[in-house]
Engineer: 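Pasting a structure below so you can have a look.
Side-chain atoms are counted along with the backbone in the values below, which use heavy atoms only and exclude waters and symmetry mates.
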Amino acid sequence: MFRTKRSGLVRRLWRSRAPVEGDGEADRGTHGPGGCCMGKATKVAKSNGAAEAELKALTHSILKKIKEKQLEVLLQAVESKGGARSPCLLLPSKVDAKVGQQSYSLPMLLYKVFRWPDLRHSSELKRLSCCESYGKVNPELVCCNPHHMSRLCELESPPPPYSRYPMDYLKPPDSPDSGPSSSDTGGTTYSAPVGLSDSLVMQESGERAHWCVVAYWEEKTRVGRLYSVQEPSLDIFYDLPQGNGFCLGQLCSDNKSQLVQMVRAKIGYGIQLTREPDGVWVYNRSCYPIFIKSATLDNPDSRTLLVHKVFPGFSIKAFDYDKACSLQRPNDHEFTQQPRTGFTVQISFVKGWGQCYTRQFISSCPCWLEVIFNTR
């Protein structure tokens, strides 16, 4: 019975492996066409019978050496695609496995098999802050849970044309399309949009200190109340099997647009917003790309704002406090009009905006977020 259960777990795990391009099981949740933020091509070669057989034999051999309870943890993480809370899978970090002429550490092999078949090096990865191995250097046991990891976005490459957002497109505050009116919620005053910034933190009430607030918008209408964030990490989702945080699915929306309803249904597991020592990171947990605009992602000398495309499973450092406090560009409408507490990041689900889209402004996107940081 023991062997039967173990073998059954191993077979289920192999069936849940990440599909390779050309195997008939293309998974849009693995990576986008380019595999990284800036559309850099990282295509995976089509699987062939010999390589597949070798990988299967090696994976089965390794999995059968793992304890049964650990196999159950791995299976829970893989089958839920990270939607269920799964504990760390602590395994020896020094064990190597060889596929063809290439050697991989045990964690790397599991990440390749169950998340990213095109993964080449550990430097492409970022460990999520929820993981026990986060911040540890060369531990004897390392977490091998594939859903405690994310891929890093590469920002070195020049962005594709669609992502450039010229400053000339910014509208003055008195523009008729500058956005919805201001609102007052819970004793905290938020201003009306200025240019493309649709809400600014102006005053903080006597509540417990927050490091950011989040507003959810559908086109030009804000839906629900502003969500104040005190914890270091926040899940923002529409439908998540297990999780606490900002559930967009519980908000009441009167928007009947078919596009809005379609995009809303695709938010799924959404994003994870995390405050870390080096800045604020956004991890795309959904099965579709998200689009992010943040002034701290830009070249300080650039006169353009960039909209960055982040594929599923990827992380991006969306906000840098040091850069935000020092970044003052005379031609940057958003910075000159905002108080110190008004730094924002805008995130659109599924649909992008900018120069090569019909949507020139984020307020035309079906479903989007504004994250307003308290930099004090």
Side-chain angles (χ1 to χ4, degrees), residues 12 15-16 18-19 25-32 73-87 114-116 128-131 145-151 212-219 221-229 231-274 281-292 309-316 318 345-352 362 365-371:
R12 285 176 62 186
R15 288 196 298 267
S16 300
E25 303 176 50
D27 179 9
R28 61 179 170 265
T30 305
H31 57 77
V73 167
L74 180 58
L75 185 64
Q76 179 190 31
V78 169
E79 288 192 334
S80 71
K81 297 186 182 296
R85 291 179 178 173
S86 54
F114 295 111
R115 288 295 301 274
W116 303 287
L128 300 178
S129 61
C130 63
C131 183
N145 187 327
H147 288 276
H148 285 190
M149 302 296 292
S150 66
R151 290 284 289 272
C212 77
V213 293
V214 181
Y216 170 61
W217 299 80
E218 290 179 352
E219 297 172 329
T221 302
R222 201 186 78 205
V223 180
R225 298 172 67 86
L226 290 148
Y227 193 99
S228 180
V229 185
E231 300 300 324
S233 182
L234 173 69
D235 289 325
I236 305 174
F237 56 93
Y238 189 82
D239 181 24
L240 190 64
Q242 298 176 9
N244 297 316
F246 190 7
C247 179
L248 306 180
Q250 293 181 347
L251 301 178
C252 295
S253 171
D254 297 326
N255 197 313
K256 305 300 182 183
S257 163
Q258 288 187 349
L259 182 59
V260 169
Q261 293 182 20
M262 180 193 73
V263 171
R264 193 188 299 149
K266 291 182 177 180
I267 294 173
Y269 296 174
I271 64 171
Q272 187 174 86
L273 191 68
T274 308
W281 287 80
V282 173
Y283 169 47
N284 184 3
R285 304 181 66 187
S286 76
C287 292
Y288 296 88
I290 60 173
F291 297 80
I292 296 182
K309 186 176 185 179
V310 182
F311 287 108
F314 280 72
S315 286
I316 188 170
V345 167
Q346 294 169 334
I347 304 170
S348 174
F349 294 103
V350 184
K351 300 295 184 180
I362 193 170
C365 291
C367 303
W368 56 282
L369 302 169
E370 189 162 37
V371 185

Engineer: Which pairs would a plain distance check flag for residues 266-273, meaning a side-chain donor or acceptor within less than 3.5 Å of a matching protein atom at least two apart in sequence or in another chain?
Structural biologist:
residue	atom	partner	partner atom	Å
Y269	OH	S80	O	2.9
Q272	NE2	D235	OD1	3.1

Engineer: Could you walk me through whether N145 and S86 pass side chain to side chain donor-acceptor pair (under 3.5 Å), step by step?
Structural biologist: CA-CA 8 Å; N145 187 327; S86 54; 2.9 Å; yes
Engineer: Tell me which pairs pass salt bridge (Lys or Arg N to Asp or Glu O under 4.0 Å) where either residue lies in residues 238-258, with sequence neighbours left out.
Structural biologist: none
Engineer: So, taking the atom named CD1 in I236 and the one named CZ in R285, what distance separates them when rounded to the nearest 0.5 Å?
Structural biologist: 11.0 Å
Engineer: Nearest 0.5 Å, what's the SG-CD distance between C365 and Q346?
Structural biologist: 9.0 Å
Engineer: I'd like to know whether L248 forms a side-chain contact (heavy atoms from CB on, under 4.5 Å) with E218, so could you lay out the CA-CA distance, the side-chain angles of the two residues, the decisive distance to 0.1 Å, and finally the verdict.
Structural biologist: CA-CA 11 Å; L248 306 180; E218 290 179 352; over 6 Å; no
Engineer: Mind listing the closest non-hydrogen atom pair of V263 and K351 along with its distance?
Structural biologist: CG2-CG, 4.1 Å
Engineer: Starting at CZ of F291, measure out to CZ of F349 and round the result to the nearest 0.5 Å.
Structural biologist: 12.5 Å
Engineer: Passes side-chain contact (heavy atoms from CB on, under 4.5 Å), I316 versus I292? Steps please.
Structural biologist: CA-CA 9 Å; I316 188 170; I292 296 182; 3.5 Å; yes
Engineer: For the pair C247 and L240, evaluate side-chain contact (heavy atoms from CB on, under 4.5 Å) and give the outcome as yes or no after the intermediate values.
Structural biologist: CA-CA 8 Å; C247 179; L240 190 64; over 6 Å; no
Engineer: Is any side-chain heavy atom of L74 less than 4.5 Å from a side-chain heavy atom of P146?
Structural biologist: yes
Engineer: S286 and P312: which non-hydrogen atoms are nearest, and at how many Å?
Structural biologist: O-CB, 3.2 Å
Engineer: Go through the structure and list residues passing side chain to side chain donor-acceptor pair (under 3.5 Å) with S348, not counting sequence neighbours.
Structural biologist: none
Engineer: Considering all heavy atoms of both residues, which atom of A318 and which atom of V282 are nearest to each other, and what is their separation?
Structural biologist: CB-CG2, 3.7 Å
Engineer: With F114, which residues qualify under ring pair (Phe, Tyr, Trp, His ring centres under 6.0 Å), at least two apart?
Structural biologist: none
Engineer: Working to the nearest 0.5 angstrom, can you tell me the gap between M262 CE and C367 SG?
Structural biologist: 9.0 Å
Engineer: Checking the side chain of R222 only, and the main-chain atoms of A215 only, is there a donor and an acceptor separated by less than 3.5 Å?
Structural biologist: no
Engineer: Mind running side-chain contact (heavy atoms from CB on, under 4.5 Å) on S253 and R264 for me, showing each step along the way?
Structural biologist: CA-CA 11 Å; S253 171; R264 193 188 299 149; 3.4 Å; yes
Engineer: Please find the pair of heavy atoms, one from H147 and one from A77, that lie closest to each other, and give the distance.
Structural biologist: CD2-O, 3.3 Å
Engineer: Side chains of L128 and W281: does their closest heavy-atom pair fall under 4.5 Å?
Structural biologist: no
Engineer: Under the rule for salt bridge (charged side-chain N to carboxylate O under 4.0 Å, His left out), what residues qualify as partners of R12, not counting sequence neighbours?
Structural biologist: E79
Engineer: P232 versus T274: any side-chain heavy-atom pair under 4.5 Å?
Structural biologist: no
Engineer: Could you grab the distance from atom CD1 of I347 to atom OH of Y216, nearest 0.5 Å is fine?
Structural biologist: 13.0 Å
Engineer: Is there a side-chain contact between N244 and R85 in this structure, where contact means two heavy atoms from C-beta onward sitting under 4.5 Å apart?
Structural biologist: yes
Engineer: Using a 3.5 Å distance criterion without hydrogens, assess whether the side chain of W368 forms a donor-acceptor pair with backbone atoms of I362.
Structural biologist: yes
Engineer: Which pair of non-hydrogen atoms, one from G313 and one from R115, has the smallest distance, and what is that distance?
Structural biologist: CA-NH2, 3.5 Å
Engineer: Please list, chain by chain and in numerical order, all residues satisfying side chain to side chain donor-acceptor pair (under 3.5 Å) with Y227, sequence neighbours excluded.
Structural biologist: none
